[in-house]
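By convention here, the first residue in the shown sequence is residue 1.
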Amino acid sequence: TYHRSIDKLLCHYCGLARRPPQRCSECDSEYIHYVGAGTEKLEAELKQVFPDARIDRIDRDTMRHMRDYSRVFGGFRNGEIDILVGTQMIAKGHDFPGVTLVGVVGADAPLSLPDFRAAERTFQLLTQVAGRSGRGDQPGEVLIQSYFPDHYTFQLACTQRFEDFYAREARYRKAMFYPPFTALAGVMVTDRDPDRAAKMAREVGEFLDTLRSATIRILGPAPAPLERIKKVHRHQLLIKSSSRSTLHRMLEGLQVHLEEKKIGATRVIIDVDPMSLL
């Protein structure tokens, strides 16, 4: 991710920092453009549109210590800041009685993640951020930017129809065999060598096939959505089961197999009821 204030490209997963290239490494073109709408870019554009407004920003780059949060949140609550730009951290649990307008830029981003909870988390976030507006005596308004405004997540979040969202999401989860209608476990295989990681994942998949039953479905192995973090390559399998006890027996068998093969728990990570599939 490009950070304008320090003129560097930073990886938010491993901490790698590099200067941005002057020319494209593929075609040698000098015409390199930065796309996307991060908080830093949004703050700069708001300062152009509202030159007299007092604008501040909250994200992982500007908030280094707890006193930074206290300073900005306190200033915003006391009316010393007119416009506050931030990531999801400003959406949850804060009481700003003077806020009458909330804007959500790029609301589709969490919805596009390869995770079956994407719609649920998007709905939660929109509901939380909408609650920041109109908490005082004046009514509030919420504007949501989306490329898919007809998606049921946005439609039902705007109308706050929680039961309808649950009913729609439940139909999808049940049809695709996902929680809460099934028990889920993730198996992550890691190695610094990409070929070894892929080979080990195939071997784990082949062993799990020997334990498969009618109540078990196995997805993968396949490269994880975040395939490499800190020079470690990652492959994953997802195990779905209509019976939690059957799932646990399969995982216990896998653990015994890994111990017999002297494969450490850091190379094959078993996560029951995983909160993230990335």
So which pairs with a foot in residues 214-231 pass side chain to side chain donor-acceptor pair (under 3.5 Å), sequence neighbours left out? S213-T215
Does any pair with a residue in residues 185-209 pass side chain to side chain donor-acceptor pair (under 3.5 Å), and if so which ones, sequence neighbours excluded?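 Passing the test, one end in residues 185-209: D191-R196, D191-R267, K199-E203, D209-R212.
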Distance, nearest 0.5 Å, that separates [atom1] of [X] from [atom2] of [Y]:
X    : Y    : atom1 : atom2 : value
E120 : F165 : CD    : CZ    : 6.5 Å
L247 : E252 : CG    : CD    : 9.5 Å
M250 : L211 : CE    : CG    : 5.0 Å
H151 : L156 : NE2   : CG    : 10.0 Å

hydrophobic_cluster_shared for I239 and V272, side chain cutoff 4.5 Å: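 They do share one cluster, since a chain of ILVMFWY contacts under 4.5 Å joins V272 to I239.
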Any luck finding a side-chain donor-acceptor pair between S243 and S241 under 3.5 Å?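 Side chains of S243 and S241: no pair found under 3.5 Å.
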Short side-chain to backbone donor-acceptor contact, R18 and C11, under 3.5 Å: no
When clusters are formed from ILVMFWY side-chain contacts under 4.5 Å, directly or step by step, what else is grouped with [X]?
X    : value
F148 : Y147
L125 : none
Y31  : none

In terms of the angle between their ring planes, are F162 and F123 parallel, tilted or perpendicular, with boundaries placed at 30° and 60°?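 Rings of F162 and F123: perpendicular, over 60°.
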Give the ring-plane orientation class for F207 versus H257, where under 30° counts as parallel, over 60° as perpendicular and anything between as tilted. parallel
Which pairs with one or both residues in residues 159-172 pass salt bridge (charged side-chain N to carboxylate O under 4.0 Å, His left out), sequence neighbours excluded?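 Residue pairs passing salt bridge (charged side-chain N to carboxylate O under 4.0 Å, His left out), neighbours aside: R161-D164, E169-R173.
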Side-chain touch [X]/[Y], heavy atoms, less than 4.5 angstrom:
X    : Y    : answer
R234 : I229 : yes
L277 : P225 : no
I144 : C158 : yes
D56  : E80  : no
E141 : T100 : no

